[in-house]
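Worksheet: the structure to be examined is printed underneath.
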Amino acid sequence: MVILSESCWQRRFAGDPQILGKTISLGGDPHVVIGIIGSTFDFREFGPAPDVFLAFQLDPNTKDQGHYFTGAGRLKPGVTLQQAKARLQVSAADYRRKFPTALPANQGFSLEPIREALVKDVRSSLLVLVGAVSLVLLIACANVANLLLARAIGRRREMAIRVAMGAGRARIVRQLLTESVLLSLAGAVVGSAAGILGIRALLSVNTARLPRVGEEGALVGLDWRVLVFTILVAVATGLLFGLIPALQTSRPDLSATLKESSGRSGTGFRQNKARTLLAVSEIALAVVLLVGAALLIRTFLNLGRVNPGFNADNVLTMRMSLTGQRFAKSAGIERLVQDGVARVNALPGVTLASATCCVPLEGGYGLPFLVMGRPLTDGPFHGGGGWLTVSPGYFEVFKIPIVRGRAFTERDDGAAAPVVLINQAMAKRFWPKADPLSDKIWIGKGIMTELAAETPRQIIGIVGDVRGGLDNDPGPTMYVPNAQVPDALNALNVRITPMKWVVRTRVNPFTLSSAIQEQLRQASGLPVSDVRTMDEVVSRSTSRQRFNMLLMTVFGAAALFLAALGVYGLMAYSVQQRSQEIGIRMALGAEAGHVLRMVVSQGMLLALAGVVIGIASAFGLSRLLASFLFGVQPRDLAVFIAVPLTLALVSLIAVWLPARRAAKVDPAIALRTE
């Protein structure tokens with residue numbers, strides 16, 4: 001039986017209401033349509049949307065412990081998660097009594113909310129990004145607060161006059177906070193529009209396999225909760241960072257302020273203290289963000305330099321789900337592979353084709369093994385490792401070197417003596433001083449009933465290491481010929497894992513994709529899916545790191561720009577307010593170079609103070625990025641030298657511009673200015 005998705009029903013059967021009860025063919029087998037899944041539930045939140053749904057065939061009486069599946073359920077009304085977990089612990093105890101060797105004492109049954117299951121792999125990434133966003137927000141708010149302080153100090157006489165005419169302090173504070181909140185809300189509107197466009201552009205480039213975003217970010221939109229959150233943040237930041245200038249301005253010293261000329265207002269240290277602290281804070285926060293961005297950039301560059309152990313150029317991969325009795329035994333798989341490979345190899349432009357259970361960088365199986373004739377010292381097995389089934393030509397397609405011995409050939413069929421290839425990591429770990437080619441190993445003995453017929457396999461060669469992930473060291477791996485997989489295990493594999501075809505071409509692989517698919521369809525009568533190049537597979541394996549690096553780089557660049565803008569604004573305002581003082585200095589004989597050095601040294605003193613605080617903070621916080629890094633330490637010396645130098649240089653430019661303006665002050669004009 002089969003249930004169709006509404007999109008498949010409309011697309012393939014034109015929405016025919018009479019489809020219920022009819023028989024359709026799936027992979028050559030008849031299936032009765034018993035229902036249509038409505039479109040109200042968007043499966044794209046959980047991954048690629050399926051077109052058809054089949055019943056999961058489970059044997060409740062099996063004692064086989066070699067399989068796994070994911071279960072989902074809805075709690076009854078009134079049942080809490082903790083109550084359900086407690087019930088599962090009772091079930092685990094009953095299960096352990098019934099099958100004492102199946103469930104160790106340190107393991108059990110548990111459950112988690114679906115939200116946790118969806119985001120647990122990306123939670124740490126999202127938390128780091130939330131932290132980065134918060135730092136950028138703080139820098140922007142500090143900039144706005146600095147501007148508001150400068151504006152408020154320029155309006156001290158105005159506010160003093162208002163107070164003198166009877167305006168209460170609460171009235172002035174309310175007015176200034178209203179201006180601050182309106183400014184913040186205007187920024188929130190513009191920022192929300194830019195955010196929608198920016199996030200769509202970013203996710204169209206790389207979704208980083210984030211959950212619940214859909215293809216190219218199709219499911220990401222302006223949710224009302226996001227809009228409310230944005231408004232609340234805008235109001236909160238407007239109130240918080242407008243409060244300091246509002247409080248300072250609302251309590252003026254009437255006598256001093258009314259006597260003070262506008263040209264000299266706000267030039268003292270007490271008036272500049274708050275703005276100075278804000279500027280230093282901006283630089284410190286920018287250093288923290290830039291250090292994080294630099295560490296992630298180095299991580300991504302290091303991943304790009306990693307040798308994955310295979311050559312991905314001009315390799316095309318595709319999946320084929322095998323169904324029907326003709327593929328229940330390994331002999332059927334062998335005939336299909338031989339026919340399919342022969343057809344594909346005959347195509348012009350094809351170098352070589354092969355088949356496998358698992359493409360590099362996309363996981364695989366794992367099984368323990370026993371070395372024949374070697375006594376056991378610890379546990380029931382000598383070791384374990386990855387277990388992959390491949391066909392002849394697999395290592396040639398990926399250009400994986402044969403270090404010793406030989407690769408599989410057509411003679412390694414079901415009638416030949418069982419053989420196995422191991423990688424260098426396995427040879428070094430389990431045969432550090434011996435020759436593995438003289439030994440036989442027994443794979444998966446006692447683990448799965450499907451491996452009950454497994455016989456010892458002769459190790460015939462050692463192949464180069466292939467990484468399971470670019471950021472992981474190669475682990476022990478065993479390769480077994482497709483034709484020599486036990487029939488019972490083969491029947492299980494074809495039900496749960498599609499076979500992968502891999503083809504190396506002499507031209508762009510996609511130019512031959514249609515021809516290759518047609519030849520495989522003629523050989524099997526089945527379609528293929530998920531057609532990709534190995535370059536895409538490699539790129540997808542680093543998508544999360546690339547996403548993190550891209551966002552942190554954007555945030556770091558924004559922080560650098562805002563911090564430089566803050567320093568420039570502070571120094572420019574300071575020069576403007578001190579124009580009379582500078583004019584007096586120059587009238588008394590100070591040279592332009594002296595004034596230039598004075599302003600630059602004062603500005604760089606602030607910048608260096610912020611850099612020192614930022615480096616100290618980044619030194620402690622960088623440890624939070626340790627799990628995201630590869631090939632670089634959280635306290636990398638090069639990063640902690642390059643970032644302060646970069647920020648110091650940018651700060652120098654930001655300070656230099658107002659300093660040059662100060663050096664060009666005309667004493668006569670400055671002294672005549674009120």
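Residue indices begin at 1 and follow the sequence shown.
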side-chain contact (heavy atoms from CB on, under 4.5 Å) between N493 and Y365, worked out: CA-CA 10 Å; N493 286 345; Y365 303 109; 3.8 Å; yes

Worked verdict on R467 versus F310 for side-chain contact (heavy atoms from CB on, under 4.5 Å): CA-CA 9 Å; R467 292 177 179 267; F310 61 89; over 6 Å; no

E396/S354 under side-chain contact (heavy atoms from CB on, under 4.5 Å): CA gap, chis, key distance, verdict: CA-CA 9 Å; E396 291 80 0; S354 184; over 6 Å; no

Does [X] have more than 12 heavy atoms from other residues, nucleotides or ligands lying within 6.0 Å of its [atom1]?
{"X": "Q633", "atom1": "CD", "result": "no"}
{"X": "R411", "atom1": "CZ", "result": "no"}
{"X": "Q325", "atom1": "CD", "result": "no"}
{"X": "R406", "atom1": "CZ", "result": "yes"}

Rounded to the nearest 0.5 Å, what separation is found between the [atom1] atom of [X] and the [atom2] atom of [Y]?
{"X": "I36", "Y": "F53", "atom1": "CD1", "atom2": "CZ", "result": "10.5 Å"}
{"X": "N314", "Y": "N508", "atom1": "CG", "atom2": "CG", "result": "7.0 Å"}
{"X": "R540", "Y": "R546", "atom1": "CZ", "atom2": "CZ", "result": "11.0 Å"}
{"X": "L352", "Y": "T505", "atom1": "CG", "atom2": "OG1", "result": "11.5 Å"}
{"X": "R298", "Y": "L296", "atom1": "CZ", "atom2": "CG", "result": "12.0 Å"}
{"X": "I462", "Y": "Q424", "atom1": "CD1", "atom2": "CD", "result": "7.5 Å"}

Minimum side-chain heavy-atom gap [X]-[Y] below 4.5 Å:
{"X": "V33", "Y": "F13", "result": "no"}
{"X": "V466", "Y": "N423", "result": "no"}
{"X": "I24", "Y": "L4", "result": "yes"}
{"X": "I34", "Y": "I3", "result": "yes"}
{"X": "M534", "Y": "T317", "result": "yes"}
{"X": "N548", "Y": "V128", "result": "no"}
{"X": "P634", "Y": "L629", "result": "yes"}
{"X": "P436", "Y": "F430", "result": "no"}

Side-chain donor or acceptor of [X] paired with backbone N/O of [Y] under 3.5 Å:
{"X": "S330", "Y": "V485", "value": "yes"}
{"X": "N482", "Y": "C357", "value": "no"}
{"X": "E536", "Y": "T533", "value": "yes"}
{"X": "T542", "Y": "Q545", "value": "no"}
{"X": "Q484", "Y": "D413", "value": "yes"}
{"X": "R326", "Y": "S524", "value": "yes"}
{"X": "T356", "Y": "T389", "value": "yes"}
{"X": "N302", "Y": "F630", "value": "yes"}
{"X": "N345", "Y": "A353", "value": "yes"}
{"X": "Q458", "Y": "P418", "value": "no"}

Pair Y479 + F408: ring centers closer than 6.0 Å: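 That pair fails the under 6.0 Å test.
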
Please find the pair of heavy atoms, one from [X] and one from [Y], that lie closest to each other, and give the distance.
{"X": "G464", "Y": "V403", "answer": "N-CG2, 3.9 Å"}
{"X": "M499", "Y": "L336", "answer": "CE-CD2, 3.9 Å"}
{"X": "G556", "Y": "L290", "answer": "O-CD2, 3.4 Å"}
{"X": "D412", "Y": "A407", "answer": "OD2-O, 4.3 Å"}
{"X": "P486", "Y": "E454", "answer": "CG-OE1, 3.4 Å"}
{"X": "S627", "Y": "L624", "answer": "OG-O, 4.5 Å"}

Criterion side chain to side chain contact (heavy atoms under 4.5 Å, CB included) against R319, the qualifying member of V531, D530, V359, T497: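 Answer after filtering V531, D530, V359, T497: D530.
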
Pairs meeting criterion side-chain hydrogen bond (donor to acceptor under 3.5 Å, both in side chains) with involvement of residues 10-20, two or more places apart: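 Every side-chain hydrogen bond (donor to acceptor under 3.5 Å, both in side chains) pair that includes a residue of residues 10-20, provided the two are not neighbours, is R11-D51.
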
Donor-acceptor side-chain pairing of Q517 and S513 below 3.5 angstrom: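 Judged by distance alone, the side chains do pair up.
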
Salt bridge present between D471 and R544 (N-O < 4.0 angstrom):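 No, D471 and R544 are not salt-bridged.
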
Intermediate values then yes/no, side-chain contact (heavy atoms from CB on, under 4.5 Å), L550 and F300: CA-CA 10 Å; L550 180 60; F300 186 73; over 6 Å; no

